Structures are given as structure tokens and as C-alpha cells.
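As the structure is a prediction and not an experimental result, all values here were calculated from the model. Side-chain atoms are counted along with the backbone in the values below, which use heavy atoms only and exclude waters and symmetry mates. In what follows, every chain begins at residue 1, and chains take the letters A, B, ... in the order their sequences are listed.
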Amino acid sequence: MHSHTRKLLTVITEAALEGTLVRDLDRLNAHGYTITDARGKGNRGVRDAGWEASGNIRVEVVCDAETATAIAAYLREHYYDDYAMILFMSDIAVLRPEKF
Amino acid sequence: MHSHTRKLLTVITEAALEGTLVRDLDRLNAHGYTITDARGKGNRGVRDAGWEASGNIRVEVVCDAETATAIAAYLREHYYDDYAMILFMSDIAVLRPEKF
Amino acid sequence: MHSHTRKLLTVITEAALEGTLVRDLDRLNAHGYTITDARGKGNRGVRDAGWEASGNIRVEVVCDAETATAIAAYLREHYYDDYAMILFMSDIAVLRPEKF
Amino acid sequence: MIDPIILFFLLGAVAGLLRSELRLPAAVYEFVSIVLLLAIGLKGGVELAKQPFLSLLPHMLVVIAMGFVLTLVAFPVLRYLGRFKRADAASIAAHYGSVSVGTFAVVVAYLGSRQIAFEEHMPLLLVMLEVPAILVGIVLARGLSRETRWKSVAHEVFLGKGIVLLLGGLLIGWAAGPEGLKPIEPLFFDLFKGFLAVFLLEMGLITAKQLGSLRLYGPFLIGFGIVMPLFSALVGVGLGWAMGLSVGGTAILATLAASASYIAVPAAMRISVPEANPTLSLSAALGITFPFNVLLGIPIYYALAEWAHTFARG
Amino acid sequence: MIDPIILFFLLGAVAGLLRSELRLPAAVYEFVSIVLLLAIGLKGGVELAKQPFLSLLPHMLVVIAMGFVLTLVAFPVLRYLGRFKRADAASIAAHYGSVSVGTFAVVVAYLGSRQIAFEEHMPLLLVMLEVPAILVGIVLARGLSRETRWKSVAHEVFLGKGIVLLLGGLLIGWAAGPEGLKPIEPLFFDLFKGFLAVFLLEMGLITAKQLGSLRLYGPFLIGFGIVMPLFSALVGVGLGWAMGLSVGGTAILATLAASASYIAVPAAMRISVPEANPTLSLSAALGITFPFNVLLGIPIYYALAEWAHTFARG
Amino acid sequence: MIDPIILFFLLGAVAGLLRSELRLPAAVYEFVSIVLLLAIGLKGGVELAKQPFLSLLPHMLVVIAMGFVLTLVAFPVLRYLGRFKRADAASIAAHYGSVSVGTFAVVVAYLGSRQIAFEEHMPLLLVMLEVPAILVGIVLARGLSRETRWKSVAHEVFLGKGIVLLLGGLLIGWAAGPEGLKPIEPLFFDLFKGFLAVFLLEMGLITAKQLGSLRLYGPFLIGFGIVMPLFSALVGVGLGWAMGLSVGGTAILATLAASASYIAVPAAMRISVPEANPTLSLSAALGITFPFNVLLGIPIYYALAEWAHTFARG
Ligand SMILES: Nc1ncnc2c1ncn2[C@@H]1O[C@H](COP(=O)(O)O)[C@@H](O)[C@H]1O
Ligand SMILES: Nc1ncnc2c1ncn2[C@@H]1O[C@H](COP(=O)(O)O)[C@@H](O)[C@H]1O
Ligand SMILES: Nc1ncnc2c1ncn2[C@@H]1O[C@H](COP(=O)(O)O)[C@@H](O)[C@H]1O
Ligand code: NA
Ligand code: NA
Ligand code: NA
């Protein structure tokens with residue numbers, strides 16, 4: 001069984017951004033994404049999901065390095081200043097490279 | 001404090017598969033697993049968890065490379081064709097290697 | 001766009017520990033954390049979140065290697081014996097190193 | 001005049017089609033459907049206590065036979081006219097051979113608000129109808145020869161949420177009787193229609209989402225989603241009349257026949273016939289047949305039931 | 001005597017301030033607010049059916065104008081007296097020009113328990129008041145020149161949860177009429193106050209959390225959170241009286257004017273004016289104005305409404 | 001005749017043992033228990049308003065003493081007969097010295113459906129009984145010497161969900177009085193038994209899960225889970241009789257004594273005595289004692305209470 005290297009891009013940001021973000025990802029050639037609900041704390045204070053406007057989402061995108069960099073750059077430019085958001089990338093091995 | 005390398009296998013698939021998958025993991029020698037509820041999009045379209053049959057789960061298994069490969073191979077053989085599913089692996093450091 | 005290496009520390013443990021853990025993280029210089037609800041199985045049996053006392057949380061902290069090691073050591077010393085808990089670390093790339 | 005609960009369905013559907021932000025948390029949907037399932041069971045159970053079980057056996061057997069037959073009729077239509085793959089045809093057929101509890105609740109509300117009586121053991125027939133289609137569907141997809149894991153199929157079928165709550169409600173209602181249920185009536189009976197409204201709001205939202213995928217699968221599935229229920233309703237009316245049911249009871253049986261499952265069957269098929277594409281059956285059952293039944297079907301089936309009874313009498 | 005539902009708010013606030021473990025699951029909060037929004041809409045819709053729509057048009061227009069004006073008044077105060085950044089001032093102004101459905105529910109309960117009548121088309125005015133402030137807020141932040149994506153703004157504004165449920169409820173109530181709603185009354189009307197109590201419990205918990213961030217933003221915001229509603233209430237009383245509303249109706253209009261949005265406006269601002277700091281507006285609206293209105297404001301606004309009517313008559 | 005709410009418990013337990021798919025979302029369980037806790041508090045509060053607080057003080061003190069004593073009795077039994085580790089023995093003892101609100105609700109329903117009167121300040125005694133056992137348990141596990149963080153223990157104990165809602169409800173009921181609560185009665189009082197049924201359904205599912213782990217810990221824990229409540233009930237009957245409670249009140253006090261906590265105490269022990277194995281105490285309290293009390297215990301305790309009163313009178 002052959003495995004191939006891809007990037008896993010993880011974005012943690014405000015739940016309010018979900019709709020917009022998903023549209024961005026489609027446009028930026030992500031072949032898919034996975035979202036889980038989260039809470040947390042960062043520079044912009046505690047976001048505890050006790051209440052609609054205070055929830056976070058955790059978005060994962062598996063893609064090639066180029067796409068990951070493009071998405072990261074786009075998000076940084078458009079959202080970093082105004083939204084609670086962090087973003088990180090790691091190397092992963094996938095089985096069916098054609099999917100991502 | 002010594003740390004040891006293990007694999008983190010992440011599977012994202014349909015919630016309907018949870019029961020079956022958990023039984024498979026037990027049989028394939030995973031010493032544990034962690035599950036979170038998720039939603040997402042991939043080849044098989046949007047799965048938005050708005051509704052029982054349309055939820056995803058995100059399953060993580062920490063194990064040695066061999067077990068990870070065995071689980072991945074098993075899942076690929078049994079579920080890839082019929083279920084919405086992706087799977088990826090990464091290297092992690094753990095503190096108590098005997099647990100995994 | 002420059003990226004920098006940091007550690008991603010992931011802790012999976014009992015939901016009952018959330019309050020204490022969050023206070024610990026603050027004290028141990030984590031600049032932030034993200035929490036999702038989870039369920040799972042490990043040495044201490046099935047924890048299925050069907051019921052308040054049986055839920056898990058999955059805590060992620062992005063930080064430098066030193067802080068990660070310090071947190072891991074602290075958690076191991078204070079909680080490993082008495083609580084269902086696992087902990088692992090991986091390398092990630094971040095864009096704004098000053099945040100973490 | 002249109003029932004207000006139907007308006008909630010339309011509200012949900014319109015909101016969904018306009019891509020509104022409106023969403024019900026999954027937990028609310030679960031809660032509402034748990035209460036509805038229990039309530040339907042409880043109400044049926046109370047009435048069961050009044051009649052000897054044996055007298056119901058013939059009805060139960062007829063209805064089980066109907067479940068088998070409807071599935072077996074739908075399959076070749078889907079396979080040869082619709083050109084679906086074997087597994088897909090079998091799975092869709094199973095959905096249409098089984099029943100939808102939501103549709104049942106709507107027809108009960110429909111008759112209730114028109115004060116039309118019906119036999120109170122209908123919830124029992126509802127339970128009976130859920131199961132046979134699943135078994136037929138699996139056999140159609142797999143054949144009898146290949147070793148199906150029947151034990152786990154049975155587990156999936158009989159211990160799914162729907163059956164457990166309906167049967168559990170039936171038994172509790174039967175054991176407690178009308179007096180015993182008094183203290184829990186406010187939750188299960190007084191709020192029934194309100195919860196049904198919330199449930200239909202969510203069903204509208206879900207239906208709207210299905211319409212997107214329907215476009216992909218073309219006109220055959222849409223046609224099937226309307227013609228099959230009409231055909232099944234005729235069978236239901238015929239059997240209801242033959243079994244000597246009242247007009248109300250006949251209308252309910254017709255509606256049960258016409259309705260397509262979207263809870264029990266999808267879950268069972270996903271595990272037992274995974275190669276069947278779940279989007280096909282769900283988008284037909286939820287995107288076409290559910291709204292058709294709720295908006296147009298039920299009045300039609302009631303009219304058919306009335307006509308059959310008048311005709312027979314006259 | 002203090003209304004028990006207010007006591008639930010206090011319980012939540014005290015529990016929150018003492019950092020109790022008490023938390024309501026988000027799904028419960030959602031469920032309760034969905035039922036409240038629908039119930040308010042339904043009740044209004046039933047009454048709407050009784051009067052010709054055209055006769056309400058003047059009231060609707062006056063109220064829309066009020067929403068514009070209040071936002072335009074608040075903005076310069078925040079910008080020049082409060083020294084807030086343009087985007088922040090615009091966003092906070094929009095919150096105060098719009099309305100809070102929770103506060104509306106409390107004033108309705110307040111009048112109800114004192115058996116004071118009011119015009120039943122108030123829910124319609126509530127809906128009217130939600131929107132204009134958002135549009136003004138966006139224009140104030142961006143100017144008209146820069147190309148705002150108005151289509152997506154309109155989507156955000158008109159298809160948000162609140163408006164869809166209120167308007168949906170209005171239409172259903174209007175179509176079904178009082179008779180048609182009978183079967184769903186137990187859920188939507190009988191439980192209204194109970195659900196309001198649970199809602200206020202959660203609001204108390206949320207309010208307590210906001211107080212922390214208030215300390216950061218200093219006394220101006222606190223002062224604004226009290227003085228602005230008082231000013232708006234005066235405007236509301238004046239308009240209510242001029243429009244010929246009853247004492248009850250005038251008190252409600254004053255309360256609507258005084259209330260600050262914490263659902264529709266924050267969501268819209270987050271998307272359309274993201275550079276505005278959401279903590280500022282939310283901590284003022286939830287940490288100061290909501291508790292002020294609920295605990296002290298409503299009785300004051302009612303007294304003002306009474307005084308205006310006595311004064312005018314005398 | 002068996003209460004229908006008990007049948008819901010059995011339904012849950014059977015579904016759980018058969019490994020049905022049936023699951024209640026955590027949010028539903030939370031919602032139902034929040035409403036139950038508030039309702040119990042409210043009902044008690046209304047009655048408290050009727051009697052001078054001082055007259056209740058003796059009862060409160062007796063009950064607090066009972067909580068201390070029961071825990072101190074259970075500990076050596078577990079430690080020396082059961083051979084449990086110190087921390088485990090202390091933790092289990094604390095569970096049995098404290099109370100279960102679910103069991104309280106069931107005994108209230110039991111008496112209610114038999115129209116047996118009882119003193120209405122029982123919810124106050126329930127609150128009193130929750131706390132002492134926790135403190136004793138911590139001291140037993142740690143000794144007084146080692147520096148326990150009493151401040152955080154107190155926070156954990158007095159600001160846990162259960163106490164806050166019960167006490168909050170008591171205070172609101174006390175302040176609002178029966179008239180004031182009228183508007184929220186439909187949610188908190190009329191639906192009480194219905195919500196209790198849903199709660200017990202979930203408790204049945206949870207109980208079934210505990211049975212698995214019980215097998216691991218052998219017969220001593222099972223025996224303790226039955227004998228300890230019987231012993232405690234005797235103590236409760238004795239004290240109730242000595243305090244001059246009615247038969248109903250005595251039965252409730254006995255049930256409170258017999259019940260074992262599964263919310264407040266586990267949470268407190270997990271933080272304050274983490275080395276105690278939570279599976280031991282939870283599987284005994286939920287797997288044995290809760291079902292025993294609900295199915296058999298309550299009728300026994302009621303019979304004991306009646307017998308004590310007849311005996312004393314005769
Ligand atoms: N160092 C960190 N480790 C893990 N998660 C973080 C960290 N910093 C921020 N987050 C998450 O990202 C969200 C937004 O971060 P921020 O923009 O810094 O407020 C927070 O609410 C957290 O959920
Ligand atoms: N490229 C991707 N990145 C992250 N998650 C993905 C990706 N592709 C698929 N997924 C997740 O895996 C699920 C199943 O994928 P699929 O089988 O491609 O439909 C989707 O619903 C997503 O949650
Ligand atoms: N090998 C594993 N892989 C993934 N998650 C695990 C593993 N072992 C344990 N866990 C998670 O960590 C929790 C506590 O583990 P334990 O202390 O081993 O019971 C479990 O409930 C699981 O959610
Ligand atoms: Na059918
Ligand atoms: Na306003
Ligand atoms: Na006890």
C-alpha cells in the first residue's frame with residue numbers, strides 16, 4: 001500500500017465565518033473540508049460557545065502544499081485582522097492522492 | 001522526559017459507520033480511539049449533520065506504524081467504495097509508549 | 001509567506017477536568033487553547049459522552065517546544081495516575097510565530 | 001382550510017430554498033421525534049388494552065403481507081424501467097415498502113382536526129409495516145444464497161430507535177391504561193401537535209436540501225416518487241376496505257402504504273446494503289414523496305377511502 | 001411585585017457572577033428561542049388577520065423611520081463623544097437602533113401579568129424595527145461609495161433566524177386564524193412564560209459573562225448603555241402617543257426603541273463590518289442595556305407611557 | 001399498580017441491555033434535568049413561604065446530621081468489610097450519604113399518584129442532604145491534616161448545577177408565591193411527570209451500561225448497593241417519625257436516606273479525591289441502588305413509614 005504526502009491545514013476561527021469560509025475553500029480548489037464545533041481562548045479572549053456568537057469552528061483541509069499555501073495566504077489577507085483566527089499546517093500521509 | 005514516535009491515524013467518515021468501525025478497531029488491535037462529531041464535504045457531496053443520516057465522525061487512533069497500516073488497509077478494502085470516507089496518517093510523539 | 005515551526009500538543013481527557021486544565025494552561029504560559037467535545041476508549045474503558053460524567057474533551061495547544069514539554073510534564077505528574085488521559089505532540093508550521 | 005402544521009412544513013421548505021440561516025439543532029430534532037414516537041405508541045397502546053390481541057392478528061398479517069408485496073412491486077419497476085443498479089433498486093424499493101412515522105403523524109392530525117374516527121390499533125400496524133420491506137430489500141440486493149449476517153440485520157431492524165420507542169410506547173400504554181397515563185398526558189398528548197409543527201419545520205428544511213440532489217437523478221425518480229405512492233395508496237385503500245376498516249382507518253392504511261421511510265430503512269440499508277447510493281433513496285423519499293403526501297397525498301387518499309366505502313355501500 | 005421570570009434572570013446572573021457550573025446546552029437555548037420567536041409571530045399573526053393590512057401601513061412606516069433615526073442619533077454620540085473608531089461607532093449604533101426580541105417578550109409578559117391591553121400588531125412592528133438599523137450601520141461604516149455586497153447583506157438580514165421565524169409565525173398565524181392555532185396552543189402559548197423563564201435564566205448567565213469585558217471599555221460605554229435606551233424610550237413614547245397607540249402599545253414601542261439587538265445585528269455586522277469589535281457592542285447590549293431594561297427600564301417606560309397619555313388627555 | 005414512569009425506566013433499561021441504538025442527546029437529558037430541578041425547588045419554595053423559616057431549622061439540622069452519620073457508617077463497612085482502598089471507600093460512602101434528586105422525584109410522584117400528603121419543605125431537606133456527605137467523604141479520604149483546598153471544594157459543592165437550581169427554585173418559589181408562579185406552571189408543574197418519564201428513560205439506558213462494569217467488581221458492591229439503602233431507610237424512618245413527620249414525609253425522608261447521589265457527589269469527588277475510582281461508585285449508585293430504590297425500595301420504605309406510624313400510635 002503506497003502512501004503519498006499531503007498537507008493538513010487546520011483553521012480555528014469564529015463560527016460566524018463558516019458560510020463565507022466554505023465558499024472561499026471551494027473557490028480556492030480545496031477538494032473537501034471537515035468542520036467540528038469548538039471553543040477556546042486566544043488573543044481575542046475566551047470564546048466559550050455558551051452562546052451563538054461565541055462559538056468557534058475547527059476546519060480541516062487535506063490538500064497539496066500549493067493549495068494549502070494559497071488558502072493560508074488568502075485567509076491571512078482577508079480575515080486575520082478582523083476575526084479571531086489561527087491557522088497551522090502539518091505533513092500527513094494519504095492513501096488515495098488523487099482525491100486531494 | 002523521553003518521548004517516542006507513534007502514528008496518529010485519522011479517519012473521517014459517515015456517522016452511520018460508528019458502531020461497525022469501533023468493533024473493527026478493537027479487532028485490529030487499536031488500544032483506544034477518540035471520536036468527535038463533524039460535518040464536511042468531499043467527493044460524495046456535502047454532509048452537514050443537520051440530520052441524522054448526514055453526519056460525519058472524525059476518528060483518531062494512536063498506534064504503532066504497523067497497526068496503523070493494517071487498519072488503513074482494512075478500512076480501504078471494506079469501506080472506501082461504499083462510504084464517504086477519508087483517512088490520513090501523521091507522526092506524533094507520545095510519552096507512554098506502552099499504552100499504544 | 002514565511003512559516004515557522006511550532007508544536008501542537010493534543011490532550012484527550014475527562015470532561016470533568018476542563019476547568020482545572022484551563023487554569024493550568026494559563027499558568028503554564030500557553031497563549032491559547034482549543035477544546036472540542038469527544039468520546040472514546042482507552043485503558044480506563046469506554047467513555048461515551050452519553051452522560052455528563054462520561055464525556056471526554058480534546059484540548060489542543062499550539063506553542064513552542066519548551067512550553068509543550070513543560071505542559072506535558074505537568075499533566076503527566078498531576079493527572080496521569082488518576083484520570084483517563086492521553087497526550088501527544090506533533091510538529092506544525094504556523095504563519096504568525098509571535099502569537100504562540 | 002389548510003392545517004397550520006402543514007404551514008410549518010412550508011415555512012421550513014421556503015426558508016431552506018432561500019438558503020436561510022435557520023437551522024434546528026440536531027438535539028431538538030431528536031427530542032421532538034422521540035416524544036412523537038412515544039406518544040404515537042402510547043396512544044395506540046391504550047386502545048390495544050381494550051381489545052383481545054388475537055382479534056388483531058389478521059390485520060397484522062395482512063399488513064405485513066402488504067409490506068412484502070409493495071417492495072416486490074417497486075423493485076422491478078426501478079430495476080428495469082428505471083435502469084437502476086440492483087442494489088439501488090432494492091434499497092429504494094425497501095424505502096417505499098416501509099413507512100414514514102412523520103407522515104403517519106400528519107394523517108392522524110388531519111383526521112383529528114376533521115373529527116373523523118379511526119381504529120386505534122393503527123400504531124400497531126405502523127410498527128408491523130416498518131420491518132418486512134427491509135428484509136425484502138436485503139434479499140433483493142444480495143440474494144438468499146450469499147451469507148448475509150442476519151443476526152446483525154435483525155439487531156439493526158428491531159432495535160433501531162423508531163421501533164423501540166413505538167413498541168415501548170405501545171407496551172407502556174397497554175400496561176398503564178388511560179388512567180395511568182393521565183399524569184404524562186400534558187407532555188405526550190397536549191403538546192403533540194405543537195411538537196409535530198416543530199418537527200415539520202425541520203422536515204421542510206431537510207426536504208429543501210434534498211431538492212438539489214434530485215436534479216442530478218433526473219425525472220424518473222421524481223415520477224416514481226409520485227406514482228408509486230399513488231399506486232400503494234390504492235392497494236392500501238383496497239386492503240383497508242377488505243379488512244373492514246372504517247373510512248378513517250382506510251385512509252390511514254392508504255397513507256401508510258403511500259409513505260416512504262427515511263429513518264429506519266436508510267439506517268438499515270447503509271449497514272446491510274452499503275453499495276446502494278443513499279442519496280437516491282433519501283432524495284426521492286424526502287424530496288418528493290414526503291412533501292407530496294403531506295401536501296396533496298393525504299387529502300387524495302382520504303377521498304379515495306371515502307369513495308371506496310360509499311361505492312361499496314351503494 | 002417582581003415578576004418571577006425576572007427572578008430567573010437574576011438567578012442566572014448571580015450564578016454566572018459566582019462562576020457556578022450551571023450552563024445551558026446551546027441546543028436548549030436554541031430550542032427555547034425558536035419557540036419564543038414563533039409564538040410571538042403566531043400571536044401577532046392571529047390579530048393581523050382581524051384588521052385590514054393597509055391600516056397598519058402608516059405604523060409600519062413610522063417605526064421604520066424610527067429605526068433609521070435612532071441609529072443616526074447614536075452614531076455621532078459614539079464617534080465624537082465616545083471617540084470610537086468609525087466602524088465601532090457604526091456597529092454599536094446599529095445594535096441600539098434595532099431591537100431585542102427577548103426584551104419584547106419581557107414587556108409583553110409585564111403587561112400581560114398586569115392585564116394591560118395593547119395593540120396586537122406589535123410583533124409586526126418588532127419585525128419592521130429589526131432591519132433599518134442594520135442597513136444604516138453598514139452605510140455609516142462603509143459609506144455608500146465603496147461597493148458593499150448588498151445582495152449578501154440583504155440575505156444576511158432578511159434570512160437570519162429571527163426574521164424568518166417571526167415573519168413565518170406572523171404568516172402562519174394570519175393564515176390559520178385563532179381556531180386553526182388551537183391544537184398548537186399548548187406548546188406555543190401555554191408554555192410561553194415557562195420558556196421565557198428558561199430563556200432569561202440563560203440570558204442572566206450570558207450577561208454575567210459580559211460584565212468582565214465591560215470593565216475593559218470603561219465608563220463611557222456603561223453610561224451609553226443606560227442613557228441611550230432612556231432617550232430612545234422617550235422617542236418611542238412620543239411616537240406611540242402621536243400614532244394613537246394605547247398606553248400598553250406605547251409602553252411596548254418605547255421598550256422596543258430602548259432595547260438593543262444581540263442576535264440579528266451582531267451576526268450581520270460580523271459579516272458586513274468585520275473590522276468592528278464585536279465585544280464592544282455585545283458587552284454594552286447584553287451586559288448593560290438588557291439587564292437595565294428588564295429590571296428597571298420596562299417599569300419606567302410604562303410609567304412614561306401612562307404619564308404621556310394622562311398628560312395629553314388632561 | 002405500577003406507575004407508568006417506572007415503565008419508562010424499564011423500557012430504557014431493556015433497550016440498553018439489548019444494545020438498542022436508542023440514545024438521548026446529552027442536551028435533552030440536560031434540559032429535562034434542569035426543568036425537574038427547578039420544578040422541585042419552585043414547589044418547595046411556594047410552601048416555605050407559608051411557614052416561618054425558624055420552625056424548619058430543627059428539621060434541617062437533623063437532616064444534616066443524618067448525612068454526616070450515614071457517610072461515617074458506610075465508610076468502615078466499605079473499608080474493612082469490602083477491603084476497598086481508603087479513597088474508594090470514602091468516595092463510595094459519600095455517594096451513599098448524599099442523595100439522588102431523580103429518586104426524590106420518583107417518590108414524590110409515587111405519593112402523588114396515591115394522593116398521600118407530605119410536608120412540603122422536603123425539597124429544602126433534599127438540598128441540606130446533598131452537601132454534608134461530600135465534606136465527610138473528602139475528610140475521610142484525605143484526613144484533616146493535609147491541606148485540602150477547601151475554597152475550591154466549597155465552590156464545587158455549593159455552585160454545582162444541582163444545588164444552584166434547587167436553591168434558586170426554592171428562592172424564586174418563595175419570593176413569587178403560588179399566584180406569581182401561575183404563568184410558569186404549565187412548563188414546570190404540568191409537564192413534570194412527562195419530563196420525569198423522559199428522564200427515567202435515559203436513566204434506564206445509563207443503568208444498563210453500568211451493569212457491565214458491575215460484574216468486574218464482584219458481589220460485595222452489589223450487596224452493599226442493596227443493604228446500605230435498606231439500612232439508611234430504617235434510619236430515615238426512625239428520624240422522620242421522631243421529627244413528627246407525616247407518613248408521607250417519613251417515606252420521603254427514608255427514600256432520601258436510601259438514595260445515592262450520581263450527579264453532585266461524583267463531580268465533587270472527581271476533583272477533590274481524584275484517586276478514587278469513579279466507576280466503582282457510579283456503577284453501584286446507578287447500576288444497583290437507583291433501580292433498586294425505584295423498582296422495589298420506595299414501596300418498601302413507604303410500608304416501613306406506615307408501619308412505624310401505626311406501631312407508634314397503637
Ligand atoms: N495557542 C493556541 N493554541 C490552540 N488554539 C488556539 C491558540 N490560540 C488561539 N487558539 C484558538 O483560536 C481561536 C482564535 O484565536 P485568537 O484569534 O488568537 O483569539 C481561539 O478562540 C482558540 O480556539
Ligand atoms: N480534502 C478534504 N479535506 C478535509 N476533509 C475532507 C476532504 N475530503 C473529504 N473530507 C471529509 O471526508 C468526508 C468524506 O469524504 P468523501 O468520501 O470524499 O465524500 C467528507 O464529508 C469530509 O468531511
Ligand atoms: N490509542 C488511542 N488512540 C486514540 N485515542 C485514545 C487512545 N487511547 C486512549 N484514547 C483516548 O483517551 C481517553 C483516555 O484514555 P485512557 O486514559 O487510556 O482511558 C480515551 O477515552 C480515548 O478518548
Ligand atoms: Na410505504
Ligand atoms: Na432600539
Ligand atoms: Na443517601
Side-chain angles (χ1 to χ4, degrees), chain D residues 1-36 39 105-106 108-115 184-202 204-205 208 295, chain E residues 24-39 41-42 45-46 49 151-152 154-192 194-195 263-264 267-268 270-271:
Chain D
M1 198 212 54
I2 194 159
D3 239 310
I5 52 168
I6 302 301
L7 296 173
F8 280 86
F9 178 75
L10 290 175
L11 174 58
V14 170
L17 290 174
L18 295 174
R19 298 179 182 286
S20 149
E21 303 282 309
L22 183 61
R23 251 182 265 172
L24 259 76
V28 172
Y29 178 82
E30 285 276 294
F31 177 54
V32 168
S33 49
I34 287 171
V35 173
L36 292 180
V106 175
V108 165
Y110 178 90
L111 297 178
S113 68
R114 281 159 190 75
Q115 278 147 328
I184 60 173
E185 272 185 7
L187 180 65
F188 291 104
F189 296 167
D190 298 354
L191 297 187
F192 187 83
K193 286 243 183 136
F195 280 141
L196 188 56
V198 175
F199 176 82
L200 287 173
L201 181 67
E202 171 71 9
L205 290 165
L295 300 176
Chain E
L24 257 77
V28 171
Y29 178 82
E30 286 276 295
F31 177 55
V32 167
S33 49
I34 288 170
V35 173
L36 292 180
L37 286 162
L38 282 171
L42 288 169
V46 167
K151 226 187 102 186
S152 85
H155 187 273
E156 189 69 32
V157 169
F158 291 107
L159 291 169
K161 194 184 70 174
I163 300 268
V164 167
L165 290 173
L166 280 173
L167 262 187
L170 272 172
L171 290 173
I172 293 177
W174 178 75
E179 273 313 299
L181 293 190
K182 273 264 150 59
I184 60 173
E185 272 184 8
L187 179 65
F188 291 104
F189 296 166
D190 298 353
L191 296 187
F192 187 82
F195 280 141
I263 299 182
R270 209 69 205 98
I271 298 300

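Neither the backbone nor the side chain of Leu171(E) has a heavy atom closer than 4.5 Å to any heavy atom of chain D. Both the backbone and the side chain of Ile172(E) come within contact range of chain D, with heavy atoms under 4.5 Å apart. Both the backbone and the side chain of Phe31(E) have a heavy atom closer than 4.5 Å to some heavy atom of chain D. With a threshold of 4.5 angstrom between heavy atoms, Arg23(D) approaches chain E through N, CA, C or O but not through any side-chain atom. Proximity to chain E (any heavy atom under 4.5 Å) is shown, for Phe192(D), by neither the backbone nor the side chain. If you measure heavy-atom distances from Leu42(E) to chain D, the contacts under 4.5 Å come from the side chain alone. Only the side chain of Leu191(E) comes within contact range of chain D, with heavy atoms under 4.5 Å apart. Contacts of Ile5(D) with chain E are made by side-chain atoms alone, with heavy-atom separations under 4.5 Å and no backbone atom involved. With a 4.5 Å cut-off on non-hydrogen atoms, Leu11(D) touches chain E through its side chain but not through its backbone. Using a 4.5 Å cut-off between heavy atoms, Glu185(E) does not touch chain D at all.
Put simply, the residue from Ile34(E), Leu36(E), Val35(E) that forms a side-chain contact (heavy atoms from CB on, under 4.5 Å) with Leu38(E) is Ile34(E).
Put simply, the side chain of Ser20(D) never gets that close to the backbone of Gly16(D): no donor and acceptor are under 3.5 Å apart.
Close placement of the Phe188(E) and Phe8(D) rings is indicated, their centers lying within 6.0 Å of each other.
Side chains of Lys193(D) and Pro186(E) form no contact here, defined as non-hydrogen atoms less than 4.5 Å apart. Looking at heavy atoms from C-beta onward, Leu200(D) lies out of side-chain contact with Leu7(D) at the 4.5 angstrom threshold.
A salt bridge links Glu30(E) to Lys161(E): at least one charged side-chain nitrogen sits closer than 4.0 Å to a carboxylate oxygen.
Options Leu201(D), Val14(D), Leu18(D) differ in how many heavy-atom pairs under 4.5 Å they form with chain E, and the most are formed by Leu18(D). For the set Leu22(D), Leu10(D), Leu24(D), Val32(D), the entry with the most heavy-atom pairs within less than 4.5 Å of chain E is Leu22(D).
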